[in-house]
Amino acid sequence: NGLLTVKSVQTAENINKAVVFAEINALENILFRGIPGSFQADPVISNEKEAMAKSKKVLEDLIFNEGYRTFMTDSQLAERQDSKGAVTVTQQVTFDIPALRKHLEQNRVIRKFGL
């Protein structure tokens, strides 16, 4: 069905920041590194530097301005650890990969498959 669920661990000074950082980390791994052992083992974007140079606004909006939430179907807190002035979370995040791909194709960040 094209949904991909990953776990991401991040630490920040509060729970809200840690969750957002974990969601962004999950997305960046899908986009630029791929998820080994999944149907998305290869990155969606093969050349991060080139894509950032060519499509900086689109990618910044997607990654840093919460545009990714459009393609995130679920985000659940799997684990939380509090320590002196910091919170570490394990966040389970699900993304709709076909919708994400279509968005990137329409904004000319990636080419359509086979072109």
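Keep in mind that what you see is a predicted model, and the values were worked out from it rather than measured.
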Intermediate values then yes/no, side-chain contact (heavy atoms from CB on, under 4.5 Å), Val20 and Arg69: CA-CA 10 Å; Val20 169; Arg69 291 189 181 274; 3.8 Å; yes
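For the residue pair Gln92 / Thr5, no side-chain donor-acceptor distance below 3.5 Å is found, with atom types taken as modelled.
Val19 and Tyr68 fall into different hydrophobic clusters, defined by Ile, Leu, Val, Met, Phe, Trp and Tyr side-chain heavy atoms under 4.5 Å apart, directly or through other members. In terms of hydrophobic clustering, with Ile, Leu, Val, Met, Phe, Trp and Tyr side chains grouped at heavy-atom distances under 4.5 Å, Met72 and Ile97 are assigned to a common cluster. Phe21 and Val6 sit in two unconnected hydrophobic clusters of ILVMFWY residues. Membership requires side-chain heavy atoms under 4.5 Å apart, directly or through other members.
Note that the CD1 atom of Ile45 and the CD1 atom of Ile30 stand 11.5 Å from one another [nearest 0.5 Å]. Here Asn29 contributes atom CG and Gln40 contributes atom CD; the two are 11.5 Å apart, rounded to the nearest 0.5 Å. In this structure, CG on Leu59 lies 9.5 Å from NZ on Lys54, to the nearest 0.5 angstrom. Rounding to the nearest 0.5 Å gives a distance of 5.5 Å between CD of Glu60 and CE of Met52. Once rounded to the nearest 0.5 Å, the distance linking CZ of Arg101 with CG of Leu104 reads 8.5 Å.
Between Pro98 and Gly2, the shortest heavy-atom distance links the atoms CD-O, 3.2 Å. Between Gln10 and Ala18, the shortest heavy-atom contact is CB-O, 3.7 Å. For Ile63 against Phe32, the heavy-atom pair with the smallest separation is CD1-CE1, 3.9 Å. Pairing each heavy atom of Asp96 with each of Leu3, the nearest pair is CA-CD2, 3.6 Å. The minimum heavy-atom distance linking Ala26 with Phe95 is given by the pair CB-CE1, 4.1 Å. Closest heavy-atom contact between Val87 and Glu13: CG2-O, 4.5 Å.
With contacts defined as side-chain heavy-atom distances shorter than 4.5 Å, the pair Ile35/Leu4 qualifies. With a 4.5 Å cut-off on side-chain heavy atoms, Ser55 and Arg108 do not count as touching. Between Phe71 and Leu62, the closest side-chain pair of non-hydrogen atoms falls below 4.5 Å. Side-chain contact between Glu66 and Glu23 is absent, with no heavy-atom pair separated by less than 4.5 Å.
Exactly one residue among Leu27, Ile110, Thr70 makes a side-chain contact (heavy atoms from CB on, under 4.5 Å) with Leu100. That residue is Leu27.
With hydrogens and angles disregarded, a donor-acceptor distance shorter than 3.5 Å links the side chain of Asn14 to the backbone of Asn16.
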For residues 76-86, run the donor-acceptor check on the side chains, cut-off 3.5 Å, and write out each pair with its distance to 0.1 Å, sequence neighbours left out.
residue, atom, partner, partner atom, Å
Gln76, NE2, Asp74, OD1, 3.0
Arg80, NE, Asp82, OD1, 3.4
Arg80, NE, Asp82, OD2, 3.1
Arg80, NH2, Asp82, OD1, 3.2

